[in-house]
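Note that ligands are numbered from 1 as they come in the structure, with each ligand's atoms numbered from 1 the same way.
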Amino acid sequence: MRTQQALQGRLIRQSNCFLVLERFASPEDCARLKARMEALLAGFDPKTISVFTTKNQKTDDYFLQSASNISFFFEEKAFDENGELRQPKELSINKVGHALHDLDPVFREFSRSPAVDDVLRSLGYKRPLPVQSMYIFKQPSIGGEVRPHQDSSFIQTDPLTCVGLWWALEDATRENGCLWALPGIHKEGLKWRPSYADGRVSFATPQPTYDLSSFVPLECPAGTLVLLHGENVHYSAENTSPVSRHSYSMHLVESASGVRWLPDNW
Ligand SMILES: O=C(O)CCC(=O)C(=O)O
Ligand SMILES: [Fe+2]
């Protein structure tokens, strides 16, 4: 099974810039990660409020510091007009990130498993280095969209080596906000990168717009691993359905010699 996954994995970098591998994670893996996230959420005090949206990306300190923390971001639509949560905190969080793969033992074990390592080696990575991870909830009815983007815009090395690993922990469908990807776009290179002002990352420069009719839906059952080339453009729509769409994703770069981490990355 592993070899088969590894061989399929090699194809992605040469062809469509994404690959969907069903049954990569077992039902037990998915249940373990979901239960762990439930426990982390139970210990979270919702007084720490930071909203995550990709509409007009902000860089407050809570967001910036989340690179090396387990931080909680609310859905934009989680609050009523008085600023109070409309639903329990468990159904109000957009995502948790961005160092689960390092700081949490359960996510760490999953993220650094031999199966993950096999896939990365099959893609040609010699010293794959995880740089960020996140758990996205796509909450029922209020799960926010993630606008079309390339992961390499935010995670840059010279040469570019970012790759995204995205796991469906619940079935992902068009109704609950599955990923959509643009086949072949990685061949056109990196389209946009954040600018930097006063030593801070800024999303002020306009991002490219894409014709959404050219994207393909990556609908998949729980347990599926989706591999995304760093220059692939992908997005996910708002979840207006009554069903959540939990996922876990991790972004990695090559850290072998000859590859330089750009110092102005977020
Ligand atoms: O899960 C989503 O909706 C988007 C995730 C994403 O953009 C990523 O993992 O790179
Ligand atoms: Fe992404």
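Between E231 and K187 no salt bridge is recorded (no basic side-chain N to carboxylate O distance below 4.0 Å). Under the 4.0 Å criterion applied to side-chain N and carboxylate O atoms, R112 and D102 are assigned as salt-bridge partners. R147 and E145 are joined by a salt bridge, as a carboxylate oxygen and a charged side-chain nitrogen come within less than 4.0 angstrom of each other.
Between D151 and H234 the shortest side-chain heavy-atom distance falls below 4.5 Å. L129 is not listed as a side-chain neighbour of L252, based on a closest heavy-atom distance of 4.5 Å or more.
Between Y248 and F107, the ring planes are tilted. Angles from 30° to 60° get that label.
Between F137 and Y135, the distance from one ring center to the other falls under 6.0 angstrom.
The side chain to side chain contact (heavy atoms under 4.5 Å, CB included) test applied to N239 returns K138, N176, S241, not counting sequence neighbours.
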Pairs of nitrogen or oxygen atoms, one from ligand 1 and one from the protein, closer than 3.5 Å: please tabulate them with distances.
residue	atom	partner	partner atom	Å
ligand 1	1 (O)	W166	NE1	2.8
ligand 1	1 (O)	R245	NH2	2.8
ligand 1	3 (O)	S236	OG	2.6
ligand 1	3 (O)	R245	NH1	3.2
ligand 1	3 (O)	R245	NH2	3.4
ligand 1	7 (O)	H149	NE2	3.0
ligand 1	7 (O)	H234	NE2	3.2
ligand 1	9 (O)	S249	OG	2.9
ligand 1	10 (O)	D151	OD1	3.2
ligand 1	10 (O)	D151	OD2	3.2
ligand 1	10 (O)	H234	NE2	3.2
ligand 1	10 (O)	H251	NE2	2.9

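Counting side-chain heavy-atom gaps under 4.5 Å among Ile, Leu, Val, Met, Phe, Trp and Tyr, the cluster of M134 also holds I136.
Legend: protein N/O/S atoms lying under 2.8 Å from the Fe ion (ligand 2), waters omitted, number 3.
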